[in-house]
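Below, chains carry the letters A, B, ... as their sequence lines are ordered, and counting in each starts from 1. What you see is a predicted model, and the numbers here were worked out from it, not measured in a lab.
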Amino acid sequence: MKDLKTIRGMPDLYDLDIERISRVENICMEVFKSFNYQEFRTPIIENKSLFQRSAGETSDIVQKEVYEFDDRNGETLCLRPEGTAGLVRALITNGLLSEEIKKYFYLGPMFRYERPQKGRKRQFFQAGVELIGEGSSKSDVEIILVGKTILDKLGINFCLEINYLGGEESLNSYRTYLREFLQENKDSFEEKLYSRLQRNPVRAIDSKDENIQKVIKDAKDITNFLTDEEKQLFAETVDTLDQLKVDYKINTNLVRGMDYYTGTVFEYTVDSLGAQNAVIGGGRYDNLIKELGGKDLPAIGFALGIDRLSEIISLEGKTKDVFIGYAEAKSVSYAQDIGNKLRLNNGSLVIENYLGNANVSKQLKKANSLGFKFVIIVGQEEQNTKIFKVKNLTQDEETTLNEVELMEFFNG
RNA sequence: GUGGGCGUAGCUCAGCUGGUUAGAGCGCUGGUUUGUGGUACCGGAGGUCGAGGGUUCGAAACCCUUCGCCCACCCCA
């Protein structure tokens, strides 16, 4: 039976789960398109080296969370752990980069080999946007607004946290400072932890570990290492958010897991998801495109956890419209004919043509338990007279209509 | 990778310090009701008690192993 199990952290999705997920997906797409972003689909499998070069060789994602395998000609491939690198690769591969501003979105499954817990699966679904070719605060603000619009439309209470990491030089001097600072406090950490922190010192500042927090709270924060120009850019972004009345919290401890982030970074968090409380995370990555071999273009984007959001939205009651039952078996085809006329007449209706063997009484029972609002029973009588009884299950009313009236009845 | 909790019907769970035939509610299904639902009543199906091994006269229960789920660390969306 082992071969009939799903892979750990990769559940089958159906019923309510998938209803929730597709509601989030639909709203994401709707909002992306309303901001005039274009859809992009890249393969789920890429060369592993792409992620080593983008997310970073030392990042946890690449070090221990990538599903990798050799294909038959010996290349090391992997299941994508995130979406940005693949999209940037595709823009370069297809020669789509120019001075013009480009706006793309994507949506699909990502894979990371992690211990599953609340809000964390091994196959999970992300939607994301990337705005390429604009480095000013205007683009920061737009990307932040796209995220906010989605969360608003989903009716979710959230908190926006932002920070500014600075460009390569600022970030490197901050890293150097942190390494030295950690070295001075080396005795406070275990060997293993210490070497991990040395490898990625910025990680220490948003650690939940009490021990680390106690030490790191005396360290200087990133703002001490930003250039005047960088401070100015961040101030512009923050000012614009104020003007637009977008609430935010500056969190100088906010850092991101991928090495490619520079400049503005942000996270939308919620409080009902336990430890995995980030539902949207993103930021500026002004060096990534160049480093992967493309033009030297600034860019900013975010990724959104579709399944995380799907866990916390409320689902409005879905309505199914018409259940068409039959009185005698030979009337089924006529019932299907009526059903299709109704569908052609109004494509947004959900119409079930009953195909089972239950009698009329059972059919009514089924229609009710399946959540249909109207029932039409079609039989010899209806076929002869072309007059139908439309039963409203919620109000216990029956309306008698001819075919033309029937079409009108369901036309709005 | 490290902790803690948990696997019994499709779902939510009960099942005492080991005791003979495995329980409830919900759902499903048949009937009361052969062209009209919701409520009610009566019946039915459905379980190698996660898997493998061990202890025992006897294991859903105790021990070991393993797989999975949940939560947290870590990491991140």
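Using a 4.0 Å heavy-atom cutoff across all strands shown, Gly274(A) reaches sugar-phosphate atoms only and no base atom. Residue contacts for Gly371(A): at a heavy-atom cut-off of 4.0 Å it reaches no nucleic acid atom on any strand shown. No contact: Asn359(A) has no heavy atom under 4.0 Å from any strand. Backbone-only engagement by Lys118(A) is indicated by non-hydrogen atom pairs under 4.0 Å involving sugar-phosphate atoms exclusively. Glu311(A) comes within 4.0 angstrom of no nucleic acid atom, judged by non-hydrogen atoms across all strands. Residue Glu65(A) is classed as a sugar-phosphate contact, given heavy-atom separations below 4.0 Å to backbone atoms only. Contact annotation for Tyr268(A): no contact, since no heavy-atom pair falls under 4.0 Å across all strands. Among the protein residues, Gln380(A) comes within range of the nucleic acid bases, having at least one heavy atom under 4.0 Å from a base atom. Using a 4.0 Å heavy-atom distance criterion, Gly379(A) is classed as a base contact. The residue Glu328(A) sits close to a base: some heavy atom pair falls under 4.0 Å. Within the 4.0 angstrom heavy-atom criterion, base atoms lie near Glu398(A). Counting any heavy atom pair closer than 4.0 Å across all strands shown, Ile280(A) reaches sugar-phosphate atoms only and no base atom. Across all strands shown, Ala367(A) has no heavy atoms under 4.0 Å from either base or sugar-phosphate atoms.
Here C69(B) presents its P atom at 13 Å from CD of Gln123(A), a figure rounded to the nearest Å. Distance, Arg120(A) CZ to A77(B) C1': 12 Å, rounded to whole Å. One interatomic measurement links the two molecules: CZ of Phe51(A) to C1' of C76(B), which rounds to 15 Å at whole-angstrom precision. Computed from coordinates, the Phe323(A) CZ to G37(B) P distance equals 13 Å when rounded to whole Å. Nucleotide C75(B) holds its P atom 11 Å from the CD atom of Gln276(A), rounded to whole Å. Atom CD1 of Ile7(A) and atom C1' of C67(B) are 12 Å apart (whole Å). Atom pair Lys330(A):NZ and U34(B):C1' shows a separation of 16 Å (rounding to whole Å applied). Rounded to whole angstrom, the span from the CE atom of Met10(A) across to the P atom of G68(B) amounts to 12 Å.
Ion pairing of Asp307(A) with Lys121(A) is absent here, as no side-chain N (NZ or NE/NH1/NH2) approaches a carboxylate O to less than 4.0 Å. A salt bridge links Glu39(A) with Arg41(A): the closest approach of a Lys/Arg side-chain nitrogen to an acidic carboxylate oxygen falls below 4.0 angstrom.
Ranking U36(B), G35(B), A72(B) by closeness to the Leu364(A) side chain, first place goes to U36(B). Checked against C73(B), U36(B), C76(B), the side chain of Arg115(A) finds its nearest nucleotide in C73(B). Here U36(B) is the nucleotide among U36(B), G35(B), G38(B) with the atom lying nearest to any side-chain atom of Lys391(A). For Ser369(A), the side-chain atoms get nearest to C28(B) when compared with the rest of A77(B), C28(B), G37(B).
With C1' as the reference atom, A22(B) and C16(B) are 16 Å apart, rounded to whole Å. With both ends at atom C1', the span from C74(B) to G15(B) equals 38 Å, rounded to whole Å. Taking atom C1' on both nucleotides, C49(B) is separated from A14(B) by 13 Å, rounded to a whole Å. Going from the P atom of G38(B) to that of G27(B) covers 13 Å, rounded to whole Å. Straight-line distance between the P atoms of U66(B) and G4(B): roughly 15 Å, to the nearest whole Å. Look at the P atom in both U8(B) and A51(B): the space between them is 10 Å, to the nearest Å. Taking atom C1' on both G47(B) and C11(B), the two are 14 Å apart, rounded to the nearest angstrom. Comparing G18(B) with A59(B), their P atoms sit 13 Å apart, to the nearest whole Å.
Taking the ring centre of Phe111(A) as origin, the terminal cationic atom of Arg80(A) falls outside the region bounded by 6.0 Å and 45° from the ring axis. A cation-pi contact links Lys220(A) to Tyr177(A), judged by a cut-off of 6.0 Å to the six-membered ring centre and 45° from its axis.
For A51(B), the paired nucleotide is U65(B), the pair qualifying as Watson-Crick or G-U wobble because both relevant distances are below 3.5 Å. Base-pair partner of A40(B): U32(B) (Watson-Crick or G-U wobble, both distances under 3.5 Å). Base pairing of A24(B) is made with U12(B), judged by Watson-Crick or G-U wobble geometry with both donor-acceptor distances under 3.5 Å. The nucleotide G1(B) finds its pairing partner in C73(B), both defining distances of the Watson-Crick or G-U wobble pair being shorter than 3.5 Å.
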**Request:** Could you check Phe374(A) against Phe323(A) for ring pair (Phe, Tyr, Trp, His ring centres under 6.0 Å), going step by step and ending with a plain yes or no?
**Result:** CA-CA 6 Å; Phe374(A) 297 100; Phe323(A) 182 101; over 10 Å; no
**Message:** Between Tyr106(A) and Phe40(A), is the ring pair (Phe, Tyr, Trp, His ring centres under 6.0 Å) condition met? List the steps.
**Reply:** CA-CA 5 Å; Tyr106(A) 62 85; Phe40(A) 212 118; 9.4 Å; no
**Request:** Evaluate the salt bridge (charged side-chain N to carboxylate O under 4.0 Å, His left out) criterion for residues Glu30(A) and Lys153(A): first the C-alpha distance (whole Å), next the side-chain angles of each, then the deciding distance (0.1 Å), finally the verdict.
**Result:** CA-CA 10 Å; Glu30(A) 194 182 301; Lys153(A) 286 213 171 188; 3.2 Å; yes
**Message:** With salt bridge (charged side-chain N to carboxylate O under 4.0 Å, His left out) as the criterion, how do Lys48(A) and Glu75(A) come out once you've worked through the C-alpha distance, each side chain's angles and the decisive distance to 0.1 Å?
**Reply:** CA-CA 9 Å; Lys48(A) 191 192 174 194; Glu75(A) 276 182 290; over 6 Å; no
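In the interface, the side chain of Asn368(A) is paired with the base of G37(B) through a donor and an acceptor atom under 3.5 Å apart.
Remark: Arg8(A) is in phosphate contact with C69(B), judged by side-chain N or O atoms under 4.0 Å from OP1 or OP2. Between Gln117(A) and A72(B) there is a side-chain polar atom (N or O) within less than 4.0 angstrom of OP1 or OP2. Contact between the side-chain N/O atoms of Lys366(A) and the OP1/OP2 oxygens of U29(B) is found at a separation under 4.0 Å.
Between Arg112(A) and Lys121(A), the residue whose closest nucleotide on RNA chain B is further toward the 5' end is Lys121(A). Map Glu114(A) and Gly9(A) each onto its nearest nucleotide of RNA chain B; the residue landing nearer the 5' end is Gly9(A).
Taking the six-membered ring where tryptophan is involved, the planes of Phe32(A) and Phe302(A) are tilted, since the angle between them lies from 30° to 60°.
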